[in-house]
Participant: 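I'd like to ask you about the structure that follows.
The model shown is predicted, which means the values in this text are computed figures rather than measured ones.
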Amino acid sequence: MAYDPKNPMKDRITDIGPRHYEEFMPPVIKKNFGKWLYHEILEPGVLMHKAESGDEVYTVRVAAARLMSVELIRDALNIADKHCEGYIRWTTRNNIEFMVDNKSKLEPLKADLKANPMFPIGGTGAGVTNIVHTQGWVHCHTPAIDASGIVKAVMDDLFKHFQSMDLPAQVRIALACCLNMCGAVHCSDIAILGFHRKPPFVQHDLISSICELPLAIAACPTGAIKPATVDGKKSVSVNGPRCMFCGNCYTMCPAMPLMDAEGDCVVIMVGGKISNRISAPKFSKVVIPALPSTPPRWPETVAAIRNILEVYAKNANKYERLGEWAERIGWERFFEKCNLPFDVKTIDDYTLAYDTLRTTTQFKFS
Amino acid sequence: MAYDPKNPMKDRITDIGPRHYEEFMPPVIKKNFGKWLYHEILEPGVLMHKAESGDEVYTVRVAAARLMSVELIRDALNIADKHCEGYIRWTTRNNIEFMVDNKSKLEPLKADLKANPMFPIGGTGAGVTNIVHTQGWVHCHTPAIDASGIVKAVMDDLFKHFQSMDLPAQVRIALACCLNMCGAVHCSDIAILGFHRKPPFVQHDLISSICELPLAIAACPTGAIKPATVDGKKSVSVNGPRCMFCGNCYTMCPAMPLMDAEGDCVVIMVGGKISNRISAPKFSKVVIPALPSTPPRWPETVAAIRNILEVYAKNANKYERLGEWAERIGWERFFEKCNLPFDVKTIDDYTLAYDTLRTTTQFKFS
Amino acid sequence: MAKFETPLLDDLEKGPWPSFVTDIKRQAKTKPELEDLLGQLELSYKDKETHWKHGGIVGVFGYGGGVIGRYSDMPEKFPGVAHFHTVRVNQPSGLYYSSAYLRQIMEMWERRGSGLTNMHGSTGDMVLLGTQTDQLEEIFWELTHDMNTDLGGSGGNLRTPSCCLGMSRCEYACIDAQNICHDMTQTYQDELHRPAFPYKFKIKVSGCPNDCVAAIARSDFAIIGTWRDDIRIDQAAVQGYVKGELTPNAGAHSGRDWGKFDIVKEVINLCPTKCMSWDGNALKIDNKECTRCMHCINVMPRALRPGVEKGCSILCGAKAPILEGQRLATLIVPFMKMEPPYDECKELLNKVLDWWMEHGKNRERIGELIGRVGMREFLKAAELKAIPQMVKEPRSNPYIFWEEADVPGGWERDLAAFRKKHPL
Amino acid sequence: MAKFETPLLDDLEKGPWPSFVTDIKRQAKTKPELEDLLGQLELSYKDKETHWKHGGIVGVFGYGGGVIGRYSDMPEKFPGVAHFHTVRVNQPSGLYYSSAYLRQIMEMWERRGSGLTNMHGSTGDMVLLGTQTDQLEEIFWELTHDMNTDLGGSGGNLRTPSCCLGMSRCEYACIDAQNICHDMTQTYQDELHRPAFPYKFKIKVSGCPNDCVAAIARSDFAIIGTWRDDIRIDQAAVQGYVKGELTPNAGAHSGRDWGKFDIVKEVINLCPTKCMSWDGNALKIDNKECTRCMHCINVMPRALRPGVEKGCSILCGAKAPILEGQRLATLIVPFMKMEPPYDECKELLNKVLDWWMEHGKNRERIGELIGRVGMREFLKAAELKAIPQMVKEPRSNPYIFWEEADVPGGWERDLAAFRKKHPL
Ligand code: SRM
Ligand code: SRM
Ligand code: SRM
Ligand code: SRM
Ligand code: SF4
Ligand code: SF4
Ligand code: SF4
Ligand code: SF4
Ligand code: SF4
Ligand code: SF4
Ligand code: SF4
Ligand code: SF4
């Protein structure tokens with residue numbers, strides 16, 4: 001039975017949802033479901049979970065470029081078939097996990113993984129794990145920067161932290177190629193954000209046939225877009241100084257592109273977190289308003305991140321997340337210690353700006 | 001030479017400013033200006049300041065109802081003349097201070113003060129000092145409550161804390177009779193705020209002759225006021241559910257009064273502070289959205305404040321201001337410990353509301 | 001030989017991190033459209049601009065989401081990616097797979113798509129990257145008929161719910177995150193596939209406050225496991241940590257010499273509520289004051305465990321900055337028991353969705369709606385009582401929107417009586 | 001016998017706190033208008049509503065402020081307060097008085113006013129409460145000619161600056177608050193008396209971060225003393241506190257038995273920056289990390305003193321909630337030396353005022369203007385460099401308003417070239 005384009009509704013199946021997860025659990029996982037006692041990280045990338053039953057499951061975590069070919073996935077499946085009874089899992093940060101139910105199976109598994117440079121082991125504990133990221137130039141229409149390429153450049157540079165647990169706490173890095181922030185970089189220890197800096201230009205000759213002008217006008221949260229007649233045609237005009245480069249106009253109307261090789265840049269944000277451990281979840285903060293977008297290796301971005309990471313690693317207390325450290329020493333110290341210039345653009349002027357201004361005489365001298 | 005109404009500009013003197021403060025300083029103050037070494041609070045209401053020169057000045061602080069008659073002030077001046085070389089000062093919280101330059105002069109001064117019940121000694125250190133307050137029904141046109149009367153009722157009740165220093169830290173109470181907040185209650189440990197709860201009614205027959213309608217309409221921050229024609233006359237209508245009772249319309253247009261015996265109420269706010277000591281200055285927070293306005297003694301208000309003060313006194317650490325205590329234990333505990341119902345109205349829904357919502361799984365169970 | 005020179009991309013074949021370029025190049029040998037993809041990507045690396053056009057609306061019949069349309073802006077030059085749509089396949093909860101299942105998907109995707117994937121998309125879907133419009137129905141047919149699998153969400157609808165691995169392999173899990181996630185996905189199939197929402201809506205489920213699926217930051221409705229009784233303490237194991245027999249934080253910090261474990265410095269003093277004490281012999285926790293931040297448990301997993309009265313906290317309204325600024329989810333239910341079929345939770349969610357559908361403006365996330373109209377309206381609709389746990393602190397402005405019913409005597413006023421008292 | 005029965009007010013004659021009712025009653029014997037005041041107030045106590053009308057504009061010739069018009073809404077019943085205007089008299093800095101001077105004012109006020117005052121108004125003025133329109137010029141004449149004293153501010157102008165007592169009697173004072181206050185008052189006489197501002201503007205000066213005049217909460221321009229070198233330590237006196245020879249916090253807590261002074265618990269651990277240490281012998285402060293909160297100095301005034309390199313921090317924009325919500329003042333200058341004639345400070349203030357006058361809307365405080373247009377515009381106008389001390393934390397949203405000059409290549413775009421690269 002196959003799809004019949006002439007009769008699309010015939011035997012159609014819908015709304016069945018995903019496969020049930022139980023089908024996919026390795027036996028030791030299924031058996032000890034909900035009965036785990038504790039875990040140990042045996043070495044970077046290798047976890048052991050102990051169950052009440054006494055069972056143990058050994059997990060080997062390996063990196064993956066989230067952008068993966070069918071062939072590469074098959075390579076992973078081959079390993080899973082050989083060592084893991086045909087089971088495999090991905091983590092919520094796009095690493096791959098191979099599980100075995102006995103310590104004796106660990107070394108053979110690791111050996112096969114180590115044989116393939118596409119599967120480096122690591123990503124556990126107080127280190128740098130995989131970067132959550134987005135599409136970039138590989139698939140999206142609104143990016144200011146690429147995604148996979150920058151991630152590769154940054155992780156090449158930070159690779160030793162992927163394979164060691166030598167930081168004060170886990171450092172989560174994320175990348176989003178535009179401020180839609182599909183990478184949810186708004187709560188990361190270090191975030192790489194693609195940002196447009198030129199207001200949309202308007203394709204006056206075609207806009208009225210491509211877009212609903214009122215929708216385009218209404219799309220702008222700052223009211224920067226106004227109706228206009230250009231060369232006798234209905235169009236819109238953009239008040240550049242009122243534009244905050246959100247890109248919402250382009251989302252609503254393709255005749256208003258923002259992207260521009262010179263204008264598009266990398267914003268570095270730091271200090272966010274998600275876990276409720278010790279301190280509450282926090283947003284990342286803009287600390288470098290713009291670095292140039294410089295493929296293929298974005299050296300300015302790579303260097304900026306390494307610098308911040310190293311200063312943090314050297315100065316923070318054990319268990320202290322990057323943002324907790326910055327708050328403890330004060331952001332003025334953060335800028336000083338990281339040797340970052342402070343730019344007026346990092347002062348908030350959006351809706352909750354007041355709450356970010358310093359309303360005390362307490363501060364540290366630089 | 002006197003004022004000549006027929007020739008008002010003749011010999012007119014303007015822009016001379018206040019008298020120079022040096023004219024009014026007791027000699028010991030003038031001599032040791034800027035050369036003070038330390039101070040001691042000898043007993044509630046009595047301070048000793050030691051100068052580098054070895055000089056000492058003894059200050060006796062007494063309460064005053066800020067609303068004072070010429071005669072009462074003369075009573076104070078008589079004492080100043082008798083004991084203090086004719087000098088006197090007021091504090092920034094409307095207490096009166098009498099200073100003597102020698103310990104031997106202290107007891108005679110105190111004796112005369114104690115003889116007059118209008119001059120109770122106190123108001124120093126970790127206690128309750130005078131209430132900063134506003135005009136109320138004695139002089140203002142927008143109050144929701146009286147000022148001096150409530151202050152009297154509250155201070156009668158808390159009097160022992162004015163004359164002792166038995167609290168964890170100073171407790172500053174303030175009162176404002178409407179949300180213009182001339183009493184600047186927005187940063188007080190405990191604040192008493194007068195609040196209207198009925199939207200302005202409109203004097204349709206006269207409004208267009210008394211007010212500029214466009215100004216009245218523009219005055220409303222929530223856009224609740226719209227032009228309307230009533231009985232053939234130009235007027236405005238008020239959309240009650242959009243009114244936040246700010247009173248700005250009445251300030252701009254007397255034909256739109258808000259006050260109403262039943263609607264007007266007392267709001268209790270707590271946890272504000274001004275000093276930069278330990279923690280940064282903080283706003284007071286609404287913890288009781290409405291208590292009835294019940295002259296002449298406002299017993300509900302008096303009881304509410306005493307309750308909060310006592311729970312605080314019992315539970316807070318030494319040096320801990322009320323707001324610091326509430327933050328340390330968590331506001332959910334504050335409500336519980338003070339046995340206050342939590343009202344949805346105390347959840348912020350104004351411009352910075354987001355920042356007050358709980359964005360973590362960290363909380364205490366009640 | 002490659003169809004296009006890719007000197008810039010080639011540079012990304014170096015270095016220790018897995019190279020997507022190397023990977024794609026290999027796959028391109030059997031999937032020539034990937035040559036075009038590399039060519040276009042190289043051009044983007046040169047131009048520093050994307051070469052994808054504004055997506056059009058494509059999809060499978062009867063579904064409002066699950067496919068993202070994508071077209072090259074240089075179709076002549078790169079015909080293999082002229083159309084390059086994404087198919088979002090709903091992942092199984094917890095991201096476990098059998099190789100049999102994945103091989104099936106891979107085989108299909110090699111045949112009908114580009115052979116390139118994202119494992120996984122940021123929302124959690126298995127993302128199959130790059131196919132033609134005419135393949136969509138075929139793919140859907142095979143997915144549903146042959147693989148018993150459905151599409152995920154996109155557009156203004158419920159997005160594919162996701163979760164951490166929860167009870168399957170984590171001792172901290174206070175709820176069965178996977179089961180909840182799966183159950184919600186099944187219950188809300190209609191909402192997932194047939195957009196009737198003002199905008200997207202995301203559900204994420206984490207087993208405990210460590211929040212390994214970032215629910216609090218990335219979901220409109222976040223279900224996060226917690227407990228309400230006492231942390232379970234094994235004092236002997238505490239001694240084990242103190243004596244150095246057990247490695248703190250399960251070894252997560254073992255890459256550096258942090259010195260001997262110091263329970264006071266590392267646990268007692270870092271507890272955010274300071275509700276713990278250590279007298280050298282026994283660890284005490286004043287559980288009433290504990291806010292269940294997980295720190296002590298994370299540091300001493302063999303000695304401490306969450307309590308036994310488990311359930312979840314529910315938080316609502318997280319989102320990225322577009323348009324009204326980013327929000328974290330805010331607490332709306334401190335504690336709810338979570339047993340299948342999760343009726344209480346679903347009843348709540350239904351109320352929340354109904355209210356949002358009624359009042360939400362186009363492209364307004366639920367968090368933004370709450371921001372616009374206030375918690376009061378939200379709580380009324382959700383039939384939840386206001387409690388102090390919902391706020392960090394009470395309001396500091398007095399701008400309360402009183403309702404007429406709450407004000408003695410209502411709002412009606414007698415002008416004549418008033419003017420008698422107060423002549424103008 | 002009293003003109004009106006005042007049973008409600010009479011209740012306020014009881015109790016230990018000084019009774020304004022008792023006071024006014026006594027004064028009413030010689031100032032019969034106060035009988036009417038008591039009568040009207042009693043009526044308010046009965047009605048629970050004010051009986052004052054919306055104020056009209058009254059004042060003295062050539063001044064835009066200093067007088068608050070006030071009229072009874074029951075002038076027939078209470079003719080003595082039919083007009084009951086307030087005269088705001090500019091207080092001397094620090095609120096010291098000679099009895100000679102005050103007696104002069106009192107005599108005048110008994111003659112030309114109600115004999116009732118506020119000592120002082122919330123802004124700091126000596127408030128003379130209740131007189132008739134025809135008395136205003138007379139009062140002004142006497143104040144200026146006979147008492148060498150001027151009116152204070154009201155309306156949309158500079159309000160009477162005020163200060164703590166500063167160096168006159170406080171060991172903590174880092175600046176001469178009184179002199180600064182007086183000097184500013186004199187320099188800005190024109191701004192004080194002739195409204196040219198969008199709204200009110202308040203200046204307050206506190207000698208140190210204890211902020212005894214509430215500058216940070218209540219002034220548009222707050223000058224608060226501080227220091228930038230090291231806290232001076234007298235180790236012997238520290239020992240004195242530790243040994244119990246000296247009373248902590250100058251005795252401010254002596255009404256209760258808080259136990260023996262514990263320097264670690266009470267000072268070291270409460271230091272907000274944790275920059276202090278105590279080894280049993282010597283107190284050490286890592287001054288670079290100190291944020292000069294005053295706590296340790298307040299606790300041990302005989303052992304610790306502010307440094308010697310003194311000056312002020314300047315903060316801007318505090319206000320009450322009307323209309324855009326309350327604000328605390330925000331830091332704009334971390335440190336400025338303050339020596340007469342305070343030129344640097346005045347130059348800054350002038351720039352701030354000019355900018356506000358140019359851009360502020362009617363009834364928009366400077367803090368609200370900063371809120372509306374952002375710190376960037378403010379700093380440009382004030383010619384201040386942005387520094388991290390100005391913020392608690394950097395922005396967490398990416399919505400930066402880039403300026404064309406800051407973007408490589410500016411904003412002009414070549415449409416044709418773009419479309420060549422990216423055909424539609
Ligand atoms: C596998 C995974 C869940 C999954 O369903 O896939 C997972 C698994 C574990 N997490 Fe996690 N976390 C996973 C994503 C997360 C995330 C989400 C994210 O990063 O997007 C977070 C929140 C991040 C944040 O706060 O910004 C997260 C915050 C934590 C924390 C809190 C750490 C902290 O210092 O704040 C812990 C506790 C700990 O590490 O001791 C934790 C603990 C754990 C434990 C120890 C739980 C357990 O007992 O098994 C697991 C191994 C940790 C390790 O790798 O060292 N997990 N963990 C995810 C692995 C991602 C990866 O490939 O690297
Ligand atoms: C006289 C006065 C200044 C004046 O120019 O009039 C003054 C005088 C002193 N203040 Fe103050 N403060 C005065 C209003 C204030 C205010 C303003 C206000 O309340 O409106 C504050 C800020 C209040 C707040 O934070 O909400 C204030 C916060 C402080 C603090 C910080 C206390 C804290 O725990 O946060 C100190 C330090 C201390 O008490 O150790 C302090 C310390 C002092 C010292 C000890 C300074 C000194 O060495 O002489 C003075 C005696 C304190 C006492 O009374 O125990 N003064 N002090 C004011 C007396 C008001 C009154 O009559 O009660
Ligand atoms: C594929 C994916 C990124 C990825 O590489 O993983 C993605 C891709 C797109 N997102 Fe997203 N979003 C993806 C997860 C997210 C997330 C993360 C999450 O769900 O945890 C977020 C932030 C969380 C949130 O929802 O707020 C996210 C926030 C956005 C937004 C901003 C929404 C907001 O309310 O702030 C937009 C803009 C829009 O909807 O117009 C957006 C829009 C888009 C569009 C549809 C672009 C557009 O304007 O039409 C992207 C299509 C790219 C493409 O060519 O495939 N995407 N998007 C993720 C979905 C894969 C999956 O189903 O698993
Ligand atoms: C007399 C005084 C209250 C008192 O009893 O002490 C006072 C009385 C009035 N204030 Fe005030 N304000 C007084 C200090 C304050 C303060 C405190 C301060 O200056 O430190 C504040 C809060 C700080 C601030 O400026 O934000 C204050 C914030 C207001 C506001 C709200 C301003 C705002 O931007 O939020 C208004 C409303 C207005 O201006 O329309 C206002 C308006 C008024 C008016 C003029 C009422 C009106 O709408 O026209 C009041 C006249 C009452 C009367 O009958 O005399 N008054 N007013 C204070 C001035 C005495 C003096 O000169 O010393
Ligand atoms: S972050 Fe922006 S550019 Fe990147 S995938 Fe999401 S919508 Fe596209
Ligand atoms: S990018 Fe955003 S702010 Fe700029 S014009 Fe477009 S919609 Fe308006
Ligand atoms: S707070 Fe309101 S009612 Fe009271 S004096 Fe000020 S303006 Fe008048
Ligand atoms: S009180 Fe305020 S919100 Fe209500 S109608 Fe008047 S101006 Fe508008
Ligand atoms: S969120 Fe909690 S239960 Fe889920 S994997 Fe993370 S630590 Fe385990
Ligand atoms: S879970 Fe967190 S709050 Fe609770 S006792 Fe442990 S460290 Fe303290
Ligand atoms: S602000 Fe400082 S200097 Fe001024 S009186 Fe208060 S403690 Fe003294
Ligand atoms: S002034 Fe405050 S911050 Fe500085 S050392 Fe003393 S307590 Fe610490």
Side-chain angles (χ1 to χ4, degrees), chain C residues 40 42-56 70-79 82 217 264-265 268-270 274 318-328 367-368 371 393-400 407-409 413-415 417-424, chain D residues 40 42-56 70-79 82 217 264-265 268-270 274 318-328 367-368 371 393-400 407-409 413-415 417-424:
Chain C
Q40 176 171 321
E42 177 74 13
L43 186 61
S44 279
Y45 270 58
K46 199 171 136 268
D47 288 346
K48 304 186 188 184
E49 285 169 3
T50 192
H51 281 285
W52 299 107
K53 279 210 256 195
H54 205 282
R70 190 60 72 222
Y71 304 90
S72 169
D73 70 10
M74 299 238 156
E76 284 81 22
K77 203 157 170 194
F78 309 111
V264 173
K265 204 171 132 201
I268 311 295
N269 289 351
L270 291 183
K274 305 283 175 289
K319 60 177 293 292
I322 290 285
L323 269 177
E324 300 288 329
Q326 70 281 15
R327 296 175 74 101
L328 284 155
E368 288 165 329
E393 57 184 37
R395 69 190 311 145
S396 44
N397 64 73
Y399 290 145
I400 297 172
V407 180
R413 317 269 286 277
D414 182 342
L415 179 54
F418 184 87
R419 280 294 164 227
K420 221 174 131 193
K421 276 199 286 183
H422 306 283
L424 246 181
Chain D
Q40 177 172 319
E42 178 75 13
L43 187 60
S44 280
Y45 270 57
K46 200 171 134 267
D47 288 346
K48 305 188 190 183
E49 286 169 2
T50 192
H51 281 285
W52 299 107
K53 280 211 254 195
H54 204 281
R70 191 60 71 222
Y71 303 90
S72 168
D73 71 7
M74 298 237 157
E76 283 82 21
K77 204 159 172 193
F78 309 112
V264 173
K265 202 171 134 202
I268 311 294
N269 288 352
L270 290 183
K274 306 281 176 288
K319 60 179 294 292
I322 289 285
L323 269 176
E324 300 289 328
Q326 70 281 16
R327 296 176 74 103
L328 283 155
E368 287 164 329
E393 58 182 38
R395 69 188 313 143
S396 44
N397 64 74
Y399 291 145
I400 298 173
V407 180
R413 316 269 288 275
D414 182 341
L415 179 56
F418 184 89
R419 278 294 164 227
K420 222 173 129 192
K421 275 199 286 183
H422 306 284
L424 244 182

Participant: Please classify the contact between D/Leu43 and chain C as side chain, backbone, both or neither, with a heavy-atom cut-off of under 4.5 Å.
Facilitator: neither
Participant: Checking heavy atoms, do the side chain of D/Tyr71, its backbone, both or neither come under 4.5 Å from chain C?
Facilitator: neither
Participant: Working to the nearest 0.5 Å, report the span between CG of D/Asp47 and NE2 of C/His422.
Facilitator: 6.0 Å
Participant: If I measure from the heavy atoms of chain C, does D/Ser396 come under 4.5 Å with its side chain, its backbone, both, or neither?
Facilitator: both
Participant: Is D/Tyr399 reaching over with its side chain to a backbone N or O of C/Glu324, donor-acceptor style, under 3.5 angstrom?
Facilitator: no
Participant: Less than 4.5 Å to any heavy atom of chain C: does that hold for the side chain of D/Pro398, its backbone, both, or neither?
Facilitator: side chain
Participant: Please say whether more than 12 non-hydrogen atoms of neighbouring residues, nucleotides or ligands are located less than 6.0 Å from NZ in C/Lys46.
Facilitator: no
Participant: Tell me whether the count of non-hydrogen atoms from other residues, nucleotides or ligands lying under 6.0 Å of NZ in C/Lys265 goes above 12.
Facilitator: no
Participant: Can you tell me which portion of D/Lys53 sits under 4.5 Å from chain C's heavy atoms? Options are side chain, backbone, both or neither.
Facilitator: side chain
Participant: Taking all non-hydrogen atoms of both residues, which atom of C/Glu49 and which atom of D/Lys421 are closest, and how far apart?
Facilitator: OE1-NZ, 3.1 Å
Participant: What's the spacing between D/Gln326 CD and C/Asn397 CG if we round to 0.5 Å?
Facilitator: 5.5 Å
